[in-house]
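Comments concern the structure below.
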Amino acid sequence: DAGITQSPRYKITETGRQVTLMCHQTWSHSYMFWYRQDLGHGLRLIYYSAAADITDKGEVPDGYVVSRSKTENFPLTLESATRSQTSVYFCASSETGSNTEAFFGQGTRLTVV
Amino acid sequence: SQKIEQNSEALNIQEGKTATLTCNYTNYSPAYLQWYRQDPGRGPVFLLLIRENEKEKRKERLKVTFDTTLKQSLFHITASQPADSATYLCASAGNNRKLIWGLGTSLAVNP
């Protein structure tokens with residue numbers, strides 16, 4: 001099916017563990033984004049990618065790692081999860097960056113205990 | 001710092017009325033603004049994009065305006081329906097070309 005999919009939808013992990021959130025899009029959009037959404041903060045950009053093998057930091061990158069070896073995949077890794085990383089994570093893609101509409105995945109609710 | 005502000009208070013209106021949501025931006029001049037809808041437990045869904053030279057844009061029952069003098073965008077839903085109940089987000093690119101998001105305004109349309 002065409003679209004953007006995230007997995008898993010829900011994840012509970014322990015403090016200190018490494019966890020990877022997956023994001024896959026079928027449109028071949030150049031740009032992909034990772035956001036976190038928390039009450040009182042709205043959507044905050046973690047990392048984005050303008051093309052395969054090109055990534056850049058967003059507003060809140062600390063504690064996260066991304067890679068983009070293929071255009072369609074943009075995984076987000078929490079190297080050593082902390083409770084402050086408990087959040088809802090959204091992946092998004094767009095054709096040409098911030099001046100065109102973004103398509104969002106359904107989100108991953110991550111709880112770090 | 002560059003900021004987008006939306007009404008934090010939830011908006012409650014009666015079915016059939018026009019809902020008007022506000023988005024104000026400060027400390028930058030965006031070339032365009034985007035509006036999204038977000039339902040609980042789901043990702044935002046794009047609704048409209050308006051450029052600074054367009055002043056007004058329409059799509060079915062939706063209308064967006066862009067006033068660069070007031071540094072404001074208004075989002076209208078005419079003939080509102082209970083199905084329009086959701087949170088509406090405003091976003092635009094800052095000077096570093098990364099999207100800045102408002103916190104969203106929750107709209108409840110009562111039957």
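We name chains A, B, ... by the order of the sequence lines, and we start the count at 1 in each one.
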Consider only side-chain heavy atoms of I, L, V, M, F, W and Y, link residues closer than 4.5 Å, and tell whether A:Phe74 and A:Leu78 are in one cluster.
yes
Between chain A and chain B, which donor-acceptor pairs sit under 3.5 Å apart?
from	atom 1	to	atom 2	distance (Å)
B:Tyr32	OH	A:Ser98	O	2.8
B:Tyr32	OH	A:Ser98	OG	3.2
B:Tyr32	OH	A:Asn99	N	3.0
B:Gln34	NE2	A:Ser98	O	2.9
B:Tyr36	OH	A:Ala102	N	2.9
B:Gln38	OE1	A:Gln37	NE2	2.9
B:Gln38	NE2	A:Gln37	OE1	2.9
B:Arg97	O	A:Ser98	OG	2.6
B:Lys98	NZ	A:Lys57	O	2.8
B:Trp101	NE1	A:Tyr35	OH	3.3

Under a single-linkage definition using a 4.5 Å side-chain heavy-atom cutoff for Ile, Leu, Val, Met, Phe, Trp and Tyr, are A:Val88 and A:Met22 assigned to the same hydrophobic cluster?
no
How far apart are the closest heavy atoms of B:Pro44 and A:Leu43, and which atoms are they?
CG-CD1, 3.9 Å
Same apolar cluster: A:Phe90 and A:Phe33, side chain cutoff 4.5 Å:
yes
Is chain A contacted by the side chain of B:Leu99, its backbone, both, or neither, given a heavy-atom distance below 4.5 Å?
both
Name the region of B:Leu48, side chain, backbone, both or neither, that has any atom closer than 4.5 Å to a heavy atom of chain A.
neither
Shared hydrophobic cluster, A:Leu110 / A:Val60 (ILVMFWY, side-chain heavy atoms < 4.5 Å)
yes
Please determine whether residues B:Leu21 and B:Leu89 belong to a single hydrophobic cluster, defined as Ile, Leu, Val, Met, Phe, Trp and Tyr linked transitively by side-chain heavy-atom distances below 4.5 Å.
no
Would one find more than 12 heavy atoms of other residues, nucleotides or ligands at under 6.0 Å from atom CG of B:Leu70?
yes
Report the option among A:Gly107, A:Gly58, A:Ala102 that has the most heavy-atom pairs separated by less than 4.5 Å from atoms of chain B.
A:Ala102
